[in-house]
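Worth saying up front: this structure is predicted, and the values here are computed from it rather than measured. Naming: A, B, ... by sequence-line order, numbering from 1 per chain.
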Number of protein chains: 2
Amino acid sequence: MNFAIGVIGLLFAASFSQAKVNEGPFYPLPSKPPIPKDNPMTPAKIELGKQLYFDPRLSKDGTVSCNSCHNVMSNGTDNRAFSAGINGQLGGRSAPTVWNSGFHSVQFWDGRAASLEDQAKGPLTNPIEMGMPSHQAVIDRIKRIPGYVSQFQKVFGKDGMTIDNLAKAIAAYERTLVTPDSPLDRYLKGDEKALSAQAKKGMKTVMEVGCVSCHTGVNLNNPNPVPGEGFYQKFPTFTDNEYVAKYDFLKDKGRAETTKNEDDAHFWRVPTWRNVALTAPYFHNGAVKTLPEAVRVMAKTQLNKDLSDEQVADIVEFLKSTTGKFAPQSMPRLPESETITTID
Amino acid sequence: MNFAIGVIGLLFAASFSQAKVNEGPFYPLPSKPPIPKDNPMTPAKIELGKQLYFDPRLSKDGTVSCNSCHNVMSNGTDNRAFSAGINGQLGGRSAPTVWNSGFHSVQFWDGRAASLEDQAKGPLTNPIEMGMPSHQAVIDRIKRIPGYVSQFQKVFGKDGMTIDNLAKAIAAYERTLVTPDSPLDRYLKGDEKALSAQAKKGMKTVMEVGCVSCHTGVNLNNPNPVPGEGFYQKFPTFTDNEYVAKYDFLKDKGRAETTKNEDDAHFWRVPTWRNVALTAPYFHNGAVKTLPEAVRVMAKTQLNKDLSDEQVADIVEFLKSTTGKFAPQSMPRLPESETITTID
């Protein structure tokens with residue numbers, strides 16, 4: 001893993017010197033993320049997925065929906081260090097934004113889900129998050145809501161009410177959550193004036209400093225995204241600095257917590273830069289409250305560099321240029337139930 | 001209070017015998033509830049109110065919005081006996097639906113708020129619900145969200161960022177939440193076929209049995225609604241029956257908990273029948289899980305009558321005919337913040 005990253009870094013370093021400013025290593029966000037062959041997008045499926053995404057009845061006590069922690073109406077997350085699940089319980093990692101998550105090649109901070117479909121099934125039965133006793137319990141519950149029964153039939157066929165299809169519908173909806181047309185995207189498409197002079201300076205700085213070893217590609221978190229293939233980086237790489245202890249970055253072993261392989265200790269899926277100015281607090285544990293501090297921390301822990309205040313300000317300005325347009329959404333109508341569905 | 005209700009009941013009893021079935025005591029839902037003179041509706045105010053209504057940053061820890069318990073995407077409530085506030089704390093009464101709440105003459109189960117504006121300010125600082133330390137803390141927090149600052153200025157003027165204006169905006173939005181065009185409404189407007197034969201039988205039954213002493217008027221909960229003037233009924237009136245102990249109806253003294261006047265003990269604002277088939281569980285404590293049981297309980301506790309199974313089924317069918325059309329809504333975009341607004 002380290003080796004691969006190193007090679008990619010060198011390749012980029014080689015290409016930067018001759019790159020025009022509005023070409024790689026950055027690329028405009030496509031209008032749609034990759035669509036898995038076994039889960040084509042249809043309007044009915046997307047609408048069903050949206051209802052499920054917003055439906056708190058998918059949690060044990062009817063208080064937590066996907067949207068509770070990944071709020072589509074704002075930045076796709078909850079502006080908290082740790083999200084709150086049922087009964088006010090706190091999770092152990094900061095909720096990543098759902099916007100543009102379809103462009104990640106793997107999901108969760110530790111990449112333990114190979115797709116949005118896989119991801120969607122996790123929180124449902126996590127005792128701290130949505131707390132359902134089993135996937136079957138989720139299906140049993142929504143079977144009691146006639147509007148879901150009919151929609152699943154329509155979208156997935158007669159025996160279509162399964163957890164895998166539920167996850168497919170949610171993932172199909174999530175793939176519509178794309179924020180195109182950021183100043184950076186407009187710049188990359190040729191509008192030289194879309195970026196301020198300071199943002200352009202910041203762009204140059206992230207190339208020179210080395211951030212772009214990881215933060216490239218369409219979602220600015222993977223130079224060469226391949227669905228299902230993770231792109232990980234060790235964090236923190238350099239631990240001999242004030243930040244690591246201050247923000248308790250070593251407590252969570254990241255990918256190793258899932259793989260149980262010590263070689264994976266402190267490896268993480270690289271987070272996206274897109275809309276990063278709106279998704280405080282930062283890092284897997286949400287320990288850092290502001291973007292300038294997050295930039296300083298990253299330069300020190302990943303590249304062992306101390307940035308000047310000017311460099312930090314320039315980079316922040318560049319990062320703000322990744323803030324895209326959040327498409328207006330219609331509100332789903334959750335199918336009606338004439339029974340209390342949340343008490344089994 | 002009892003006296004007034006008695007007189008109204010007599011007046012209705014007198015008029016029933018000669019009423020055509022598609023005239024009073026029921027009236028179609030108007031397209032808009034009464035609008036207070038000091039809070040005219042404007043599109044910008046409604047949009048601001050919608051954002052505030054859906055914004056969990058109005059709660060102490062950023063997890064609870066108005067919509068958490070009064071879910072506009074479904075039936076306007078949360079299908080729970082008691083709602084969950086911050087830190088998983090449970091309130092003591094069942095959340096009433098926000099849909100058509102603009103037609104109530106007073107708000108809360110005990111009518112302690114004279115308007116939606118008054119109501120909106122309550123949960124913000126309730127330690128069990130949204131948990132903000134003060135109204136000023138609410139304003140201080142949203143002052144840190146630039147999109148709110150600009151909208152309050154636009155809607156309410158330069159010094160317009162006050163708790164009263166926040167409540168006005170939320171109330172203005174809530175007044176748009178109306179469910180017209182139920183089968184009952186269509187029937188009352190002359191479409192004889194809008195109600196099934198069984199629903200018509202049920203309508204006759206609720207008149208004969210006496211439910212309509214209270215459940216009349218446009219919102220089916222007040223014969224003569226006057227904004228700010230409550231219409232209350234004692235519940236339970238008859239306590240010598242199995243239901244009162246079984247469902248623990250006497251634990252909560254209702255209006256007396258607010259007024260501290262024992263004369264008000266167990267008096268409650270009469271709940272609406274509109275969409276009642278979708279708003280289980282029932283009663284102030286959410287103790288009754290199904291509508292047929294709620295009908296049986298009401299007949300016994302309020303009128304000392306034991307209904308036959310047929311009567312119950314007919315009434316339920318009639319009550320289902322009050323289910324109106326929930327207008328499609330656009331999703332608000334919550335104004336962005338570049339800081340963590342929920343940690344002060």
Determine the option with the most heavy-atom pairs under 4.5 angstrom with chain A, choosing from B/Cys69, B/Pro328, B/Ser65, B/Ser330. B/Ser330
As an exercise: rank B/Asn75, B/Leu334, B/Thr323, B/Asp55 by heavy-atom pairs under 4.5 Å with chain A and give me the winner. B/Leu334
Please give me the minimum heavy-atom distance between B/Pro332 and A/Met331, naming the atom from each residue. CD-CE, 3.8 Å
Measure distances from A/Leu291 to the heavy atoms of chain B and classify the residue's part below 4.5 Å as side chain, backbone, both or neither. neither
Drop me the distance from B/Thr63's OG1 to A/Arg80's CZ, to the nearest 0.5 angstrom.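 B/Thr63 atom OG1 to A/Arg80 atom CZ measures 6.0 Å (nearest 0.5 Å).
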Gap between atom CG of A/Asn71 and atom CZ of B/Arg57 - 0.5 Å precision: 8.5 Å
Would you find a donor on one side and an acceptor on the other, under 3.5 Å apart, between the side chain of B/Arg333 and the backbone of A/Val72?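 Judged by distance alone, yes, a pair lies under 3.5 Å.
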Residues from residues 84-95 of chain B approaching chain A under 4.5 Å (heavy atoms): B/Ala84, B/Asn87, B/Gly88
